[in-house]
Amino acid sequence: DELGITDIKTKALMLFNILIKQNDGWPSNMLPNYGLFYLFSPIFIITGLYFLFNNTKSDYKNKKFSFSFIVLTQIIVGIIYSLFLYSFSNRINFLYIPFLISLTISIQKLVTYKRVFYTIIAIYILHFIFFIHNYFTNYNQKLAQNYLFSFSYGIKDALQKAEELHHKT
């Protein structure tokens, strides 16, 4: 059952691996050791969720429109929905924007301190440089070695058959 409540434990574990460990097991979807948002980013996302929750409470008390409530609702509904399907990074991309908003709010609150600001910027720049280097060197080589396995099971047979048919004509 692709979509449903059967095997919900496995589906929850798959979602956990993507959101916290940032790895869905497919080498084509995520660069190993970097994840979706860099491996240290879940700390910022969780901190941002705390700020979103506090903003929602404050907006509710003051009877104001709450952008934070919309983002939290999007995350909660997205996670619940994700528990009903076998998750891969491309199947739960509807969660990326609210998680990036959460991450950004967290960093925005933390950058009020200059040292923290420069430290966060330096960490992201360094990780970006290492990511780019790894992406254009090691990752491409590793992916090329595993291309037939990870993407196209049976492609060799299909290409051979196509070549045979082409030579017959």
Side-chain angles (χ1 to χ4, degrees), residues 1-60 65-109 123-124 127-128 130-132 134-135 138-162 165:
D1 226 6
E2 182 62 29
L3 183 63
I5 59 172
T6 58
D7 206 17
I8 202 158
K9 220 183 245 188
T10 301
K11 293 173 182 177
L13 183 61
M14 290 174 85
L15 182 63
F16 173 81
N17 282 334
I18 294 170
L19 297 181
I20 303 301
K21 292 183 176 181
Q22 298 192 46
N23 187 353
D24 67 357
W26 287 86
S28 59
N29 288 345
M30 291 175 212
L31 195 65
N33 302 321
Y34 292 94
L36 288 170
F37 309 111
Y38 297 127
L39 295 178
F40 57 86
S41 294
I43 295 167
F44 292 122
I45 292 170
I46 292 167
T47 306
L49 291 172
Y50 170 79
F51 290 127
L52 285 168
F53 183 74
N54 282 341
N55 290 346
T56 299
K57 278 186 357 185
S58 174
D59 290 343
Y60 180 76
F65 171 78
S66 181
F67 172 74
S68 298
F69 175 75
I70 291 172
V71 175
L72 281 175
T73 302
Q74 201 173 3
I75 290 171
I76 292 167
V77 169
I79 288 173
I80 291 169
Y81 174 71
S82 298
L83 291 174
F84 292 97
L85 53 97
Y86 292 101
S87 298
F88 298 101
S89 64
N90 50 359
R91 285 191 176 173
I92 62 162
N93 58 9
F94 50 82
L95 285 171
Y96 296 168
I97 291 174
F99 279 141
L100 284 174
I101 291 170
S102 177
L103 183 142
T104 305
I105 287 171
S106 175
I107 291 175
Q108 179 190 18
K109 298 281 188 184
I123 289 170
Y124 271 99
H127 274 79
F128 180 71
F130 291 136
F131 171 84
I132 291 297
N134 199 5
Y135 182 80
N138 305 336
Y139 179 67
N140 276 341
Q141 293 168 0
K142 181 180 178 182
L143 197 58
Q145 291 170 351
N146 295 324
Y147 181 79
L148 292 176
F149 170 73
S150 63
F151 283 112
S152 307
Y153 176 76
I155 197 167
K156 280 184 179 180
D157 296 332
L159 289 174
Q160 285 176 343
K161 185 68 174 173
L165 292 173

* **T10 side chain to D7 side chain, donor-acceptor N/O pair below 3.5 angstrom** => yes
* Taking atom types as modelled, find out whether S41 and Y124 have a side-chain donor-acceptor pair closer than 3.5 angstrom. => yes
* Asked: With sequence neighbours left out, what residues match T73 under side-chain contact (heavy atoms from CB on, under 4.5 Å)?
  -> F69, V77
* Structure fact -> By side-chain contact (heavy atoms from CB on, under 4.5 Å), L85 pairs with (sequence neighbours left out) L3, Y81, S87, R91
Please tabulate, for the side chains in residues 44-53, all donor-acceptor contacts under 3.5 angstrom to protein atoms that are two or more places apart in sequence or on a different chain.
unit_1	atom_1	unit_2	atom_2	d
T47	OG1	I43	O	2.7
Y50	OH	N54	ND2	3.2

Could you report the tightest heavy-atom contact between [X] and [Y], atom names first, then the distance?
X: I20; Y: P42; value: O-CG, 3.9 Å
X: Y38; Y: Q22; value: O-NE2, 2.9 Å
X: I75; Y: F99; value: CG2-CE2, 4.0 Å
X: L100; Y: T104; value: O-OG1, 2.6 Å
X: Y86; Y: T6; value: OH-O, 4.5 Å
X: F65; Y: I70; value: CZ-CD1, 3.3 Å

* Any donor-acceptor pair under 3.5 Å linking the side chain of Y60 with the backbone of S66? -> no
* Determine yes or no for a side-chain-to-main-chain donor-acceptor pair under 3.5 angstrom, with Y34 supplying the side chain and N134 the backbone. => no
Just wondering, do [Y] and [X] contact through their side chains at under 4.5 Å, heavy atoms?
X: F94; Y: S82; answer: yes
X: L19; Y: I92; answer: yes
X: H127; Y: F40; answer: yes

